[in-house]
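These values consider heavy atoms only, across backbone and side chains, with no hydrogens, waters or symmetry-generated copies. All residue numbers in this chain count up from 1 along the given sequence. Note that ligands are numbered from 1 as they come in the structure, with each ligand's atoms numbered from 1 the same way.
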Amino acid sequence: MAPYRGADMHQQGDVFPGSFLFGVATAAYQVEGNIENDWAEWERQGKLKQPGMRCGRGVDHWNRYVEDYALARSVGARAFRMSLEWARIEPTRGRMDEAAIDAYRQRLVRMKEAGLRPVVTLHHFTHPTWFHRETPWHLPESVPTFRAYARVCARILEGLDALVVTLNEPMVLLLGGYLRGLIPPGIADGGLAMAALGNIARAHVAAREELLARCGRVELGISQNMLVFAPDRAWHPLDHALTRLAGQAYNHAFVEALLTGELRVNMPGLASTRQTIAGARDSLDYLGVNYYTRTHLRFTARPPFVAMAYRDPFGRGHTDIGWEQYPEGFGKLLREVKSRHGLPVWVTENGIDDRVGDRRALYLHGHWTQLLDAMRNGVDVRGYLHWSLMDNFEWLDGWGPRFGLFAVDFETLERRETPACAYFREVAEGRRLVAPSPLAEPGAARLAAAG
Ligand code: IFM
């Protein structure tokens with residue numbers, strides 16, 4: 001058993017710099033409620049794990065945003081990640097909804113007044129329903145379409161000093177939506193996937209141009225879901241080869257495209273491409289890292305030639321969604337980002353599906369320990385945004401998972417503190433990493449005892 005290291009590790013150096021921002025993260029479709037987009041259609045087609053499930057009213061953040069900003073502040077957050085819902089802004093192709101634009105502007109102004117720096121994602125998985133029918137990502141027309149939307153986003157963001165995330169987890173969208181057909185648009189075609197990935201990179205460039213033109217100075221990047229890959233069989237050369245290829249393709253290729261202007265993906269048997277992305281060179285001011293877990297890869301004899309599994313070699317117990325708890329991987333990836341890309345980092349997501357609520361503080365402690373260690377070793381991390389402020393709609397898994405610092409009663413929509421709130425507050429406000437109190441969190445007591 002290798003528990004997360006506890007209080008014994010804490011020394012003088014365990015202090016977050018004064019400029020470091022703690023915050024929370026959300027995404028429009030998962031929290032706002034009553035959005036008609038491609039995911040709502042997907043749900044009606046019965047394509048979630050539980051086919052009858054619907055996002056519906058979400059957790060009513062559209063109406064409760066003032067309360068939610070106050071919740072964020074109550075745990076010491078100084079930054080709030082949200083996303084603009086394209087389907088609200090452009091419900092019909094080419095017709096922008098001024099009321100939605102005003103509503104978003106008003107929410108962001110209010111967020112700033114509440115003392116929260118806005119972190120704004122332009123694209124977080126969802127699309128207006130017309131998008132896949134008229135200008136899907138695999139067609140070049142998708143790029144001017146996104147540019148027109150981004151032009152409106154620039155109007156919303158002008159003068160707000162927001163940290164901008166053009167795209168959330170492009171590789172998740174690509175794998176889920178274009179290679180495995182599991183999420184909208186439900187395509188499983190390597191050729192179309194690579195065409196789409198190129199256009200998604202071009203859309204980032206177009207959005208950057210629009211934001212720079214309207215807002216002048218802008219701090220802009222993407223949120224990249226990063227996984228640690230490991231060979232399932234230590235002795236098997238093909239498991240090792242897969243691990244290397246996956247790390248390059250999933251974690252780094254897209255980021256490299258936005259730094260060099262050359263998109264190079266090599267996933268043998270799945271998809272490969274080499275494309276020039278005009279204007280993409282040096283188009284990231286920072287990299288947003290979304291880190292959750294590690295996955296083990298095993299070569300299989302039949303297509304797709306790879307099987308992945310979440311193991312638990314340290315006996316820490318999987319998270320409730322079934323992912324390995326592997327905070328060491330967080331430090332490893334942060335150091336890798338520095339050595340591979342040399343960019344400043346924002347942690348734009350990190351968190352645990354903890355349905356009882358007794359393991360979150362310890363999870364945070366493990367990941368913050370790694371984060372501080374990486375920072376001490378020269379990784380320039382500017383802030384940490386916890387996924388999520390509150391429980392929300394978790395895509396294919398619907399209302400099962402609970403990633404929230406605040407638990408939400410999905411019947412009454414009441415928000416309630418989880419035990420981790422006190423710990424988050426203590427570290428975010430004190431700016432010093434301390435160990436969570438075992439009394440506050442039974443899961444911590446269990447692990448400490450086992451250690
Ligand atoms: O809920 C998602 C989020 O939308 C994107 N990153 C991962 C989270 C947890 O699965």
Y292 ring center near W387 ring center (under 6.0 Å):
no
Below 6.0 angstrom between ring centroids: does that apply to F424 and W368?
yes
Mind running side-chain contact (heavy atoms from CB on, under 4.5 Å) on I222 and T348 for me, showing each step along the way?
CA-CA 9 Å; I222 60 165; T348 40; over 6 Å; no
Looking at Y326, I'd like to know if the NZ or CZ of R294 sits under 6.0 Å from its six-membered ring centre while staying within 45 degrees of the ring's axis.
yes
Do R88 and W62 form a cation-pi contact, if we require the NZ or CZ to be under 6.0 Å from the six-membered ring centre and within 45 degrees of the ring's axis?
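Here R88 passes the 6.0 Å and 45° test against W62.
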Can you label the angle between the Y178 ring and the H138 ring as parallel, tilted or perpendicular, going by 30° and 60°?
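It falls in the perpendicular class, over 60°.
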By chain and number, the residues contacting ligand 1 below 4.0 angstrom (heavy atoms only) are Q30, H124, F125, N168, E169, Y292, W323, E349, W387, E394, W395, F403
